[in-house]
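Working notes, structure below.
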Number of protein chains: 4
Amino acid sequence: MTKEKGARSRRFEGGLAPDAVEVNSSVHFDYRLLPYDVAGSIAHSGMLAKQGIIPSEDAGTIKEGLLAVEKELSSGKLDWDPKLEDVHMNVEAHLSQRIGDAGRRLHTGRSRNDQVATDMRLYARDHALQLSELIDQLRLALVDLAAEHVDDFLPGYTHLQRAQPIRLGHHLLAYNEMLRRDKGRLLDARKRAGECPLGSGALAATTFPLDREMVAAELGFDGVTHNSLDAVGDRDFVVELIAAIALCQVHLSRLGEELVLWLSQEFQFATLGQSYCSGSSIMPQKVNPDLAELIRGKAGRVIGDWVTVMTVLKGLPMAYNKDLQESQEPLFDAVETLNGGLRVAIGMIQNLEFNTENTRNAVDKGYLVATEVADYLVSKGLPFRQGHDAAGALVAFAIKRGVELGQLSLEDFQSENALFEKDIFEWLDVARVVDRRDIVGGPAKNRILDEIERARTELSYLASL
Amino acid sequence: MTKEKGARSRRFEGGLAPDAVEVNSSVHFDYRLLPYDVAGSIAHSGMLAKQGIIPSEDAGTIKEGLLAVEKELSSGKLDWDPKLEDVHMNVEAHLSQRIGDAGRRLHTGRSRNDQVATDMRLYARDHALQLSELIDQLRLALVDLAAEHVDDFLPGYTHLQRAQPIRLGHHLLAYNEMLRRDKGRLLDARKRAGECPLGSGALAATTFPLDREMVAAELGFDGVTHNSLDAVGDRDFVVELIAAIALCQVHLSRLGEELVLWLSQEFQFATLGQSYCSGSSIMPQKVNPDLAELIRGKAGRVIGDWVTVMTVLKGLPMAYNKDLQESQEPLFDAVETLNGGLRVAIGMIQNLEFNTENTRNAVDKGYLVATEVADYLVSKGLPFRQGHDAAGALVAFAIKRGVELGQLSLEDFQSENALFEKDIFEWLDVARVVDRRDIVGGPAKNRILDEIERARTELSYLASL
Amino acid sequence: MTKEKGARSRRFEGGLAPDAVEVNSSVHFDYRLLPYDVAGSIAHSGMLAKQGIIPSEDAGTIKEGLLAVEKELSSGKLDWDPKLEDVHMNVEAHLSQRIGDAGRRLHTGRSRNDQVATDMRLYARDHALQLSELIDQLRLALVDLAAEHVDDFLPGYTHLQRAQPIRLGHHLLAYNEMLRRDKGRLLDARKRAGECPLGSGALAATTFPLDREMVAAELGFDGVTHNSLDAVGDRDFVVELIAAIALCQVHLSRLGEELVLWLSQEFQFATLGQSYCSGSSIMPQKVNPDLAELIRGKAGRVIGDWVTVMTVLKGLPMAYNKDLQESQEPLFDAVETLNGGLRVAIGMIQNLEFNTENTRNAVDKGYLVATEVADYLVSKGLPFRQGHDAAGALVAFAIKRGVELGQLSLEDFQSENALFEKDIFEWLDVARVVDRRDIVGGPAKNRILDEIERARTELSYLASL
Amino acid sequence: MTKEKGARSRRFEGGLAPDAVEVNSSVHFDYRLLPYDVAGSIAHSGMLAKQGIIPSEDAGTIKEGLLAVEKELSSGKLDWDPKLEDVHMNVEAHLSQRIGDAGRRLHTGRSRNDQVATDMRLYARDHALQLSELIDQLRLALVDLAAEHVDDFLPGYTHLQRAQPIRLGHHLLAYNEMLRRDKGRLLDARKRAGECPLGSGALAATTFPLDREMVAAELGFDGVTHNSLDAVGDRDFVVELIAAIALCQVHLSRLGEELVLWLSQEFQFATLGQSYCSGSSIMPQKVNPDLAELIRGKAGRVIGDWVTVMTVLKGLPMAYNKDLQESQEPLFDAVETLNGGLRVAIGMIQNLEFNTENTRNAVDKGYLVATEVADYLVSKGLPFRQGHDAAGALVAFAIKRGVELGQLSLEDFQSENALFEKDIFEWLDVARVVDRRDIVGGPAKNRILDEIERARTELSYLASL
């Protein structure tokens, strides 16, 4: 245990009470910031030396020392001390013990307030990028699966009632759209976290002539923050990133729900590789879609993370308040949850096998072509609302007879409306029904192929990673 | 009451149960979509006529009819019928009653599913723009107030403890930064809601040869959606807009908290015009900052709105599910809450008067220049961490004496560290302290003037509105 | 419009700004408190007279006046004035206009702070009771339906995978348990809201010699609050009631999900009366379970309500703060949502028809008796974990063969384990399987009958209402 | 690493994918259930033996084995294996390795579904009790502090504006009321978690003749659950306990806010022992109330925990779904957060020192006795609403003069209303003002003493612990 004093200086007479240490310390979770903290300190000390604020030889000593401390803390050679509160004071204390006064100069022109804001932004920006790449990998898996199933049909549903026939590939591509938006949100969040707060000090910047732009550029930021009070009290980037993550996880929850449905004995639309299923401790037959359920349930978790941070921020006066420490764990949790969720979703999509016979058969039951009957009448000149009503009556009639619409006779059709002709039966053929829906975003075969092409172009960069 | 059948066709034998009507109907809140519904229907029917899907003369009849129905529904001449469920069927029924078969053709190639998705996007895009302009008006009010107080000092706080002296203008500009980000988020949300879903039908597009791009352009969208299932089941734009609104309201809650503090008898940093204060039913002396409290409290409301929509969406299978109806009220509530909150915040900022004598006096109590003592020692070559410790000891010493740091003698300083010289007293002068913090985002006078200039340039467009 | 001054006294020079009136006024939602406000004022003024604080003849005049004002406000004869802020000042102003000075004496020894706390508690207590009775009516509907289906089988599910056979009545009774707990929570919340805050004044009680117990008793409270600061700043009862409501709505969301599943073409376990279904504006065949989806989705709404109130309360100092006004709408919304949800759920349960042939057939597919095979081996002395493993192997074997377990030969069984004998086939009979589960809470017929009996006893009071 | 198969039996061909293991495994958090899992298994196996379901000698072997495994897992001698998923399978596997077939018999008549439901209830019940005792300890600290400050005055606030004078002891006792309710909610939640689910099996109870009541009694439950589907799918007790915890943490957040205010340089109402304060890494003078801020901020965390569980539960069909695993971490987090929060709050209350001179002086500024002026006029026969208005005018008059009400002359009073007499000055004396508020829950001295007495009686049991 280090003898460095940390933040308590001689203004204080003793240490924190033990229960206070426990509640106050953040090092058991903010250790995740270690690489960003070290990178930030290297950039800061390099700049201090360049500006003549610390001896120029100190910069090298500090850098070397920091890299050594990082390595030893990561590998467990050095211990984390909760009495030193956080990753920042732990690193600084170990550094000072190792290199002496040079280490004690590192904090010149800096406060933990701007330091942690910098570390967290670096973490957020880094993980926004990692997650958006994982999203693209899931999109690729979905697009590949869609491409395999362009020629397979299944019912499209609304209200979980069979609605209209579509192609399976079309269904899978719906997730590609959601995930593209998710990626956009992550990158927008990353962009808006692109201003480096270092130089904002505790709240009022610093008297030292720092070169803020130099540090920002070295750390990969796009620029610097423009108000020191805001910079140290701002956790918008945490909120925005968690919001983007939460919505993506909600999309995974919808996929999870569909997997659970498709894998049920009632649907039997697909089977999932056992490497993504679990058994029962008591029922020997069970092959349960635990992972699909977990990506569904974990939406609750990241929604909770957002609520936590927002509630923490509500009503805080300027500038930094300790409450902000509570914004870290939700961020880490959200990032790690989505990371796991995406990886598992990729695995499930890659290990999913559709039973296309079942999906095709399902299209034939449930009057899915009733809209076609209405449209047919419209094509003969009837106003849509009347066509809709006539088709409804024909469905009611068919149900009473216990048959599907295609099994009615021409006379049956004509007794409802004289506009029906023989071509109504051909008109109701499923493949024709689907391919008549030939409009951007529609389920016609060529439209699906267009979308697959479009997605593959967007995702082609993954091949070269 | 109209006799049009609405969505129930002859497939149904009777109406909804009365309690079901009450829970199912949305017209008591979705009436807000009326102008967007009418605009969408005019664009849709114009396109249908151009494409030859409906008789070309119908387009004009429909447009005229829709505008008349809109006018009469808005003015209360026509009634809303909850049995017709929603704004869409109410408008269509009134239209058909007024213009007959042309009205019954309006719904050709369209479903309520893509219709409501379009209406809601139009509403969201419109209000994102309105709110971002209100945000800019609040920024302008803040910047104007900051400009008045560039030369006034107040304590900068962390942990609600006096920390370092700053200029009042600097403090106010912190909100300008938050609000600029808020505007960015609103506009990003608007951008991502820029694809028109019309043409996606119930879930599987439509068999009619619609010109989707034409409709999209007429309604001010940037393009069209690319997957029909996603398009009707997507409420991402609701979530994203509410998230942006909620964060902005959280910023207002911070401002609200600060106003409440500043107006308290303990702070007495400001007074607020009575037109933004309320009285007590029992305590005659009370002039309470109710509006400041309300913009603080209302953060909870919009956080709740986001939670509602996210929870609704969690685990929904493709494509449209009725649960989505529950995404409307939270959107309306969030938009209207922030609208009211921003307008009231503008009013309060314009009616706020600072007691700059009090803010200036507050700077002198609380050892706010202790950091300067440490920095002084650093400027004499001491490592920062040792300077920090020495300054802490001097503070402890001064407290025991019952004086501020500037009231210590040079001997007192030197007994702690021999590096102190006579110039320490000048070094601790507040104006100098603040203006030494001469760095982008810092509280030095010229830096504040830079930021005011920058903001005014960004906001100059408001003058010409 | 009244000329009474409301809360602004001559301490104020003018009115609120128009945008402030809009945000500040609560009368557009707190009008719901009218009957409770009037009841509270009648009790208060009666006590004032009895204590000699106001002239004894005033009590009668006030009572009569209040009842008249209530009637006229309810019927729309009198208008609500948003400038008077809330229900309380509207009632008092109308009263004073009607009866003069007696009306101006009503507020003696009272503040709006203790008045609104009282009104809201009365509202909460009243509706907790109403909702708990509706819950019991839903329980009764479920129990009646369970009684009809004691002899019908369906698969019990875990992970939406068929797990073990149960009786349909058993499944329905699961909701009886949830709802019983819900009722318990509502009544506990009601009980804890049982202390009357009147007499707490604005925050520091009052100098008048009120008889608080008298008022409390007259209003049906169990006692009085014991700290005036807490009493006016406390909204625990709102939080607790919303929490209980939200959990009940989550239970309805589970029922809603099951209804949606059962009504799907894949399950076809039940049909629902059309009076609880909606049609599609475009697909004529659709009979959608909109109400089931709505009771599912509305869980999000009441969860949001709770979040709103909790976030509002977080970090508020003593005693009353205007933020508390934001606790009203979530309470009203939660109460009204659950009220509608319960009534619709009752209607759906009463209009639900099970297809018991389908539920019975479903039991035979999916190796639901695999656990019985393991248990059989245990009954022959094998440790359970080995029995579990052997049964798993038999399931894998049967799947390869494309048969169910009951279709294997005795030799097949014995080749896995020699302990199997001929009686294994009888052992796997579904009715026997279920009735062997003869333990409290189990699906054996007599156990279900016990639970039905138990529930009917609890609910028998409903018959006499 | 054990070779026991866990739940995967020979139905499965291989293991989980590595990313699936990571997401699926719960042992890194459910290890907290170890003591409860072992207690449950001991009770279960004892009963199995008593009922003759397993050999009677096995019960002893199992018990001994379980206690040994618990000890070795707790002390780190044995490792947790994430491939075995959870605490249950880890314990069972280690047990079977240690004691052989007896261990493999433990799971007879039980499933992980009823096992984890039991473990979690035991955890919940145990911690509800622990937390309620901590709450009482905080109450005791508050009551002791209140007793020290019965004779000290401070302003009572509404809207953070000085409102009416009260006694400091009265203010502190407000928290006693909140915390008493919190305790009630915790104990109600505990009571409702009082039915033992063991015997519910996977979802359909079990075929073995278990003695459920025996197990329940041994584990300290009040009874057994009454529907097996509900029992394994129910997490109401988690929701209810977290809700109670969250509200208690919100109360701590209010206390935290008040501490932050009182410790500010503007209020200077109190000082806090340095063992509950933190320093700044850069500002040497800072003594920050970090712990007060943390108990304020952590309200967000437990609110988020509740949201998580509720969102997870929404829309789940019967009976057990894997999503339920996500209910564990929020429960643990909420329990541990409140535990830390209460302990720190106790410490802060015990280390808080009021500056009673400052609180007393604060009472004299801000027209806190204006209500008394109105009440005075009422005592002379004027209707309250007119008295209120007259007092408001006097305040306005005094403000213009720059004096407090007590500094006006009798003529000043009389020029507003002739009813004023000389005794008005005595009437406005602070101690008399406060002690005239002599009503249950009021700030009069004897009323506070009553409440202290009442609380001490309730808390007297703590002395004997």
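In what follows, chains are A, B, ... by sequence order, proteins preceding strands, each numbered from 1.
Checking D:Ser41 against D:Arg110 by side-chain atom types alone, a donor-acceptor pair falls below 3.5 Å.
When side chains are defined from C-beta on, A:Gln115 does not count as touching A:His44, because their heavy atoms never get closer than 4.5 Å. A 4.5 Å side-chain heavy-atom check between A:Pro289 and A:Tyr276 finds every atom pair outside the cut-off. Within the 4.5 Å cutoff, the side chain of D:Ile295 has no heavy atoms near those of the D:Leu291 side chain. A:Val238 is not listed as a side-chain neighbour of A:Pro330, based on a closest heavy-atom distance of 4.5 Å or more. A 4.5 Å side-chain heavy-atom check between A:Leu272 and A:Leu259 finds every atom pair outside the cut-off. Counting heavy atoms from C-beta outward, A:Leu247 and A:His251 have side chains that approach closer than 4.5 Å.
Here D:Asp290 is the residue among D:Asp290, D:Val21, D:Val260 with the most heavy-atom pairs under 4.5 Å with chain A. Interface check for chain A: of the options D:Glu329, D:Lys314, D:Gln325, D:Met283, the most heavy-atom pairs under 4.5 Å are formed by D:Glu329. Interface check for chain A: of the options D:Val287, D:Asn351, D:Leu324, the most heavy-atom pairs under 4.5 Å are formed by D:Val287. Note on A:Ile303, A:Asn321, A:Asn288: by heavy-atom pairs under 4.5 Å with chain D, the leading option is A:Asn321.
Remark: D:Phe332 pairs with D:Tyr123 by the ring-ring contact (aromatic ring centres under 6.0 Å, His included) rule, at least two apart or across chains. Residues satisfying the salt bridge (Lys or Arg N to Asp or Glu O under 4.0 Å) criterion with D:Glu336, sequence neighbours excluded, are D:Arg32.
Proximity to chain D (any heavy atom under 4.5 Å) is shown, for A:Glu257, by neither the backbone nor the side chain.
Counting only distance, with no hydrogens or angles, the side chain of D:Ser25 and the backbone of D:Glu85 share a donor-acceptor pair below 3.5 Å. Listed for the A:Ser96 side chain is no donor-acceptor partner under 3.5 Å among the backbone atoms of A:Ala93.
Scanning residues 305-313 of chain D against chain A with a 4.5 Å heavy-atom cutoff picks out D:Val307, D:Thr308, D:Thr311, D:Val312, ordered by number. Proximity to chain D at a heavy-atom threshold of 4.5 Å picks out A:Gly340, A:Arg343, A:Val344 from residues 337-349 of chain A, in numerical order.
The salt bridge (Lys or Arg N to Asp or Glu O under 4.0 Å) with A:Asp323 is formed by just one residue from the set D:Arg296, D:Arg301, D:Lys298; it is D:Arg296.
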